Amino acid sequence: AEAPGAAEAPEPSAGAAPYPDIGELRSLACDALLQESFYQKKKRPFLYCDQDHTSGPFLTQLVSTLASSLSGRNPLLAASSLDLNPKVNYYWHHGKEVVVHGHRKGRVDPVRFQIDDNPHLQIRVPKQLPEVVPLESNLGDVPVIDHKPSKLPLFKKQYENKVFIGSKVADPCCYGHTQFHLLPDKLRRERFIKARLEDQIEVVYRSNGIASLFAWTAAQAMYQGFWNEADVTRPFVSQAVVTDGKYFAFFCYQLNTLALTSETIKNNPRKNICWGTDSKPLYDVVEDSNVKGFNDEVLLQLVHFLLNRPKEL
Amino acid sequence: VFPGVRQAQWLTKTKLVEGLPPAVQGIMDNPALGLQELEERAKHMVSHARLWDTAEVAPRRERYCPMLFENLIHICRLMSGKFPSLSKRMLARNCRIAATWERESILLQVRGLSGILMNSMTPIPPVASKEEILATKEHVLETFYPIAPTIDLQEVNVYKELNDTGQCFRDGYPYSHPHTLFFLESANVRTDRFRPEQLRAKMLMFAFGNALAKAKALHGNDPKVLEQPVVVQSIGTDGQLFQFMVFQLNTTDLVSNDGIKNLVWIDSDQNLYERAQCVPEVKKRVVTKPAGISGFQPDTFKKFLALYLHGTV
């Protein structure tokens with residue numbers, strides 16, 4: 001996958017309605033958090049199952065209550081479809097390699113990539129999100145990597161090559177609005193800090209955001225009939241929130257081009273762009289029935305994401 | 001093993017009324033709520049759950065039954081854009097419930113996983129008038145002489161009488177009133193699923209259990225006729241056929257067979273759609289059954305939504 005990492009979060013969309021009641025939204029968020037971590041009596045989680053026990057249900061509750069409560073302000077949300085544990089797949093060619101073994105030895109093949117993603121939640125909508133920057137913008141250079149993709153754990157096993165946005169082509173909600181990703185237990189912050197790899201913490205969030213959003217936007221573009229020889233005529237924009245249950249990082253992706261094969265990329269000046277924030281905590285700690293250190297900034301960013309819609313709505 | 005509805009009525013000292021109560025019917029018939037426009041969305045949700053949700057040809061019941069439930073709840077939740085007081089609801093999954101009571105010197109207990117429970121900050125107002133409640137005095141409970149009504153029930157030694165709504169939630173939980181229980185019969189194999197009659201009996205027993213636990217929490221353990229009856233609803237489905245139930249607990253005096261009885265309204269065996277054809281059926285080169293959802297019954301969806309809105313709108 002390719003796109004440069006970047007700096008700031010996108011601008012909030014302009015809305016004619018007055019600002020939503022942040023106190024109300026804060027109390028909904030805290031209620032969701034307290035229900036899953038304190039009020040509902042649950043059995044103790046199994047080893048390494050913390051995410052399924054608390055953070056997963058909390059994220060589901062948070063998004064479903066916030067999205068419903070904001071649907072009055074965003075008609076796009078009111079027409080949305082909410083997927084729980086959907087599958088997102090994308091398959092593409094990029095670059096060339098020479099076949100090493102076998103009867104085809106010596107021939108030149110395209111390198112094949114397949115992403116099989118499993119976001120925790122996603123919101124699909126019937127209308128596209130507006131573009132952030134024009135289609136032909138050039139905001140920086142893309143790093144060049146020489147070794148094969150199977151050196152990265154992401155592309156080792158490719159079983160079935162498919163393209164899927166979470167629902168079949170017949171579904172009217174064929175554009176992606178926002179995905180929510182839950183980081184697995186084995187990538188906990190504490191583990192990185194213990195292994196003295198603090199600088200790798202943000203890498204996890206960023207790589208998840210970039211890869212998932214590229215796969216989602218490219219699959220959406222394919223559903224609309226574009227492919228590497230018929231490149232997109234309008235940019236495809238989607239958003240993602242990557243979290244471990246407490247720390248949230250926000251990403252916005254604009255797909256400007258699908259032409260990535262070795263033939264089509266030759267004269268293709270367009271680049272795909274991803275904007276993202278660093279991960280910030282939503283709250284400090286939950287003590288009994290109190291949430292301490294709630295961070296309104298993170299909640300506001302989430303609200304802005306959910307309120308994003310085309311200008312005409 | 002579960003008894004039928006008639007047995008469950010005896011065990012819970014309940015009189016049965018066919019059909020949904022007038023309060024719920026009133027919500028369905030209220031044009032100001034805009035239920036007509038939602039029919040199209042509901043049809044899409046059925047198509048999504050049964051046809052579009054997977055990259056394979058057709059999803060299995062284990063997947064489409066919960067998915068259909070989530071989709072329908074999503075439409076219902078989005079109504080809180082129009083009716084903000086609807087956001088005072090919280091869904092809880094995997095709640096355990098236990099309630100104990102005595103019927104004619106037999107000690108009975110309902111215990112187990114309630115399925116999915118929707119809680120509300122405010123209780124549902126009673127659906128039967130004072131006259132109707134008093135009229136239940138005349139009603140004679142059906143007996144099954146010479147068969148004991150407890151046939152088919154598991155006999156266990158109860159050493160500890162457990163009895164609280166707080167069984168599932170700690171004190172201070174703001175969403176303290178059980179509103180609606182949802183039962184999803186999503187097993188793929190037909191013999192693993194409850195038959196409609198058994199499902200209705202289970203819905204009645206658990207609605208009763210939740211209502212009894214709430215009544216004891218509010219008014220103490222002494223058996224008495226309740227000044228403020230407790231109302232709990234139940235909805236059960238196998239992904240196509242729906243069972244709707246509204247239960248009103250009028251009395252916790254359950255030992256004797258006379259006096260005020262509890263009331264339950266049941267609307268059974270409501271199909272949401274006739275069939276979901278994933279691949280068109282072709283006989284002798286002519287399409288006999290096109291792909292898609294056929295025989296969609298909007299009334300069933302309206303009942304689901306009306307029960308959701310009940311108590312707040």
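Every value quoted in this text rests on a predicted model; they were computed, and no experiment measured them. A note on names: the letters A, B, ... follow the listed sequences, proteins ahead of strands, and every chain is numbered from 1.
Atoms CD1 and NE2, from A:Ile123 and B:His74 in turn, are 7.0 Å apart once rounded to the nearest 0.5 Å. Note: A:Ser68 OG to B:Ile75 CD1 = 12.0 Å, rounded to the nearest 0.5 Å. To the nearest 0.5 Å, atoms CG (B:Leu91) and OG1 (A:Thr60) are separated by 10.5 Å.
Enclosure of atom NZ in A:Lys127 is not indicated, since only 12 or fewer non-hydrogen atoms of other residues, nucleotides or ligands lie within 6.0 angstrom. Other residues, nucleotides and ligands contribute only 12 or fewer heavy atoms inside 6.0 Å of the NZ atom of B:Lys43.
The two residues A:Ser81 and B:Met45 have their closest heavy-atom pair at OG-CE, 4.1 Å. In terms of heavy atoms, A:Leu82 sits closest to B:Asn71 at O-OD1, 3.9 Å. Heavy-atom minimum distance, A:Glu24 versus B:Ser87: OE2-OG, 4.3 Å.
For A:Ala170, the parts sitting under 4.5 Å from any heavy atom of chain B are the backbone and the side chain alike. Interface remark: A:Lys87 contributes no atoms to any contact with chain B (heavy atom separation under 4.5 Å). For a residue to count as touching a neighbouring chain, one of its non-hydrogen atoms must lie under 4.5 Å from one of that chain's; by this rule B:Glu56 touches chain A with the backbone only. Residue A:Ser80 touches chain B through both its backbone and its side chain, counting heavy-atom pairs closer than 4.5 Å. Both the backbone and the side chain of B:Arg77 come within contact range of chain A, each with at least one heavy atom under 4.5 Å from a heavy atom of that chain.
Using a distance-only test at 3.5 Å, with no hydrogens or angles considered, a donor-acceptor pair links the side chain of A:Lys168 to the main chain of B:Leu51.
Of all residues in residues 28-39 of chain A, those placing a non-hydrogen atom less than 4.5 angstrom from a non-hydrogen atom of chain B are A:Leu28, A:Asp31, A:Ala32, A:Gln35, A:Phe38, A:Tyr39. Within residues 57-66 of chain B, the residues approaching chain A closer than 4.5 Å by heavy atoms are, in numerical order, B:Val57, B:Arg63. Of residues 79-86 of chain B, those residues lying under 4.5 Å from chain A by any heavy-atom pair are B:Ser80, B:Gly81.
Residue with the most contacts toward chain B among A:Ala67, A:Ser69, A:Gly166: A:Gly166 (heavy-atom pairs, distance under 4.5 Å). In terms of heavy-atom pairs under 4.5 angstrom with chain B, the leader among A:Pro172, A:Gly72, A:Cys173 is A:Pro172.
Screening residues 34-53 of chain B for ring pair (Phe, Tyr, Trp, His ring centres under 6.0 Å) gives no qualifying pairs among residues at least two apart or on separate chains.
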